[in-house]
Amino acid sequence: MQYDLIIKGAEVVSASDVSRADIGIQDGVIKALGLDLGDAARTLEAEGLYALPGGIDSHVHISQPSGPGIVMADDFESATRSAVFGGNTTIMPFCLAEDDQNLREAVDDYHEKASGNCHIDVSFHLIVNKVDSQTLGQHLPALLEAGHSSFKVFMTYPGMRLSDREILDVMAVAKRHCAMVMVHAENEDAIDFLRDEAEMVGDIAPYHHATTRPVPVEREATHRAISLAEIAGVPLTIVHVSNGEALDEIRRARLRGVRVHAETCPQYLTLTAQDLDRTGFEGAKYVCSPPPRDEANQAACWAGLEQGEFELYSSDHCPFVFDSNSGKKVEGSERSFRHIPNGIPGVETRLPILFSEGVVKGRISLSQFAALTATNHAKLYGLYPAKGTLAVGSDADITLWDPAYQTTIRQSDLHHGSDYTPWEGFGITGWPITTLSRGQVIVENRQLVNKDCHGKHLARSLPGLPD
Ligand code: URP
Ligand code: ZN
Ligand code: ZN
């Protein structure tokens with residue numbers, strides 16, 4: 001037999017084109033693309049389906065320390081199971097150190113948690129929330145050199161946020177090691193002020209999470225993060241951009257010649273702040289930062305995707321159980337929004353939402369879909385060309401997509417550890433049917449057929465440039 005597996009009859013999608021081809025796979029790698037490839041031990045018939053590069057979700061949070069008494073709803077097994085059902089073949093979680101750990105210990109801990117428990121491949125970003133001489137002088141440089149070539153800094157969240165000086169100091173390390181700095185851009189002092197004002201007049205419902213994090217909070221921090229990166233002389237990625245004014249800052253910076261990359265997420269394309277205003281405590285299901293905005297800002301984010309201004313579309317999967325005092329109800333449902341853990345689940349629904357709302361509705365092309373969900377993530381974070389494309393020599397990470405599959409998102413059909421989805425009842429056209437990770441069929445006809453957890457951690461090369 002020439003191949004372990006041939007996928008026959010699919011339309012093969014890349015970030016640049018779409019063509020009819022069979023895919024020959026041997027030893028987990030794509031060995032041939034073309035017609036009449038010959039013999040294989042197994043053939044998958046894929047007539048009427050798209051073969052897409054397996055999704056890469058470069059922004060997910062798994063088993064991350066989240067504060068006293070709070071537990072994330074997913075471990076590596078459940079998160080990667082949910083991810084592969086959603087057509088993903090690589091996810092990139094963040095390593096955050098516990099209070100008593102240094103960054104090196106945190107990374108070792110994450111490797112241990114992930115090892116043997118992943119259905120698909122993972123690669124860790126770092127979070128830098130302690131700026132001391134050991135972190136800057138030893139742990140961070142060593143970890144960047146060891147293939148953890150990107151890290152996130154926060155301008156918000158007490159205990160996580162860095163000062164401008166601290167951000168400059170870590171950017172200087174990124175510059176020396178050619179690493180990618182990812183920034184969560186929201187002004188914590190402004191949020192703190194607005195939170196106090198809101199609570200003073202009794203505005204404590206989940207909706208006030210959104211009113212105390214208005215657009216200027218994000219716009220100002222986006223401008224400041226970019227300015228700090230200009231001063232330090234490093235490229236940066238602004239993650240989870242939620243609105244048009246922050247995107248304007250990114251456009252202006254690019255016109256000045258700054259290398260700034262931008263990511264948006266399904267919540268900023270399909271949800272609004274009104275979702276946080278649902279009756280009772282239901283709004284807590286939508287509490288994430290930045291918060292969903294309004295329809296005008298949704299339209300601005302769609303325009304940014306259509307015009308190629310966002311290179312990345314990620315889930316920011318950050319799952320908590322709603323009906324639990326170790327989740328969204330950590331302080332019960334009567335106390336201020338300030339206590340609600342920030343984050344929503346979305347790793348499984350990311351691709352279907354963009355396909356249905358983007359490709360089916362004619363906003364983006366199939367090739368843009370591949371770039372936004374896989375190729376650009378691989379390029380920007382140093383996984384390309386092994387990951388993120390269907391090319392000879394690349395890993396056989398492939399999602400077979402049924403463009404005609406009609407469904408409605410229901411919590412009962414999903415595989416994450418949360419007890420809800422923010423998209424309950426959302427109508428979808430197009431769904432991933434079968435997903436291969438390094439040539440192994442993991443999900444077939446929407447069933448988990450391989451429970452081996454063969455996923456591994458991927459050390460990365462230096463960040464590259466999306467086209
Ligand atoms: O609310 C969110 N986005 N939680 C996850 C942590 C982060 O800031 O990305
Ligand atoms: Zn963030
Ligand atoms: Zn996040």
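Excluded from the calculations below are hydrogen atoms, water molecules and symmetry mates; all remaining heavy atoms, backbone and side chain alike, are included. If you read the sequence from its start, that first residue is 1, and numbering goes on from there. All ligand and atom numbering here is 1-based and tracks the order in the structure.
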Notebook entry, point to check: Any salt bridge between Asp75 and Lys113, counting N to O under 4.0 Å?
Noted result: no
Note to self: Is Phe154 close enough to the Zn ion (ligand 2) that one of its N, O or S atoms comes in under 2.8 Å?
What the structure shows: no
Next item on the list: Verify the distance test for His61 against the Zn ion (ligand 3): any N/O/S atom under 2.8 Å, yes or no.
Entry: yes
Check: Should the ring pair Trp401 and Phe369 be called parallel, tilted or perpendicular, given that the plane angle runs from 0 to 90° and is split at 30 and 60?
Finding: perpendicular
Check: Would you say His184 reaches the Zn ion (ligand 3) with an N/O/S atom under 2.8 Å?
Finding: no
Check: How are the rings of Tyr420 and Phe322 set to each other: parallel, tilted or perpendicular (split at 30° and 60°)?
Finding: perpendicular
Notebook entry, point to check: Parallel, tilted or perpendicular: which describes the rings of Phe337 and His209, with under 30° parallel and over 60° perpendicular?
Noted result: perpendicular
Margin query: Check for me whether Lys152 has a heavy atom closer than 4.0 Å to any atom of ligand 1.
Written below: yes
Notebook entry, point to check: What atom name does the N, O or S atom of Asp316 nearest to the Zn ion (ligand 3) carry?
Noted result: OD1
Check: To the nearest 10°, how many degrees is the angle His240 NE2 to the Zn ion (ligand 2) to Lys152 NZ?
Finding: 110°
Check: What do we get for Cys318 next to ligand 1 when only non-hydrogen atoms under 4.0 Å count, side chain, backbone, both or neither?
Finding: side chain
Check: Centre of Phe281's six-membered ring, under 6.0 Å away, within 45 degrees of the axis: is that where NZ or CZ of Lys329 sits?
Finding: no
Margin query: Parallel, tilted or perpendicular, judged at 30° and 60°: which one describes the rings of His457 and His111?
Written below: perpendicular
Notebook entry, point to check: Under 4.0 Å from ligand 1, counting heavy atoms only, is it the side chain of Asp316, its backbone, both or neither?
Noted result: side chain
Check: Quick one: does Tyr157 get within less than 4.0 Å of ligand 1, heavy atoms only?
Finding: yes
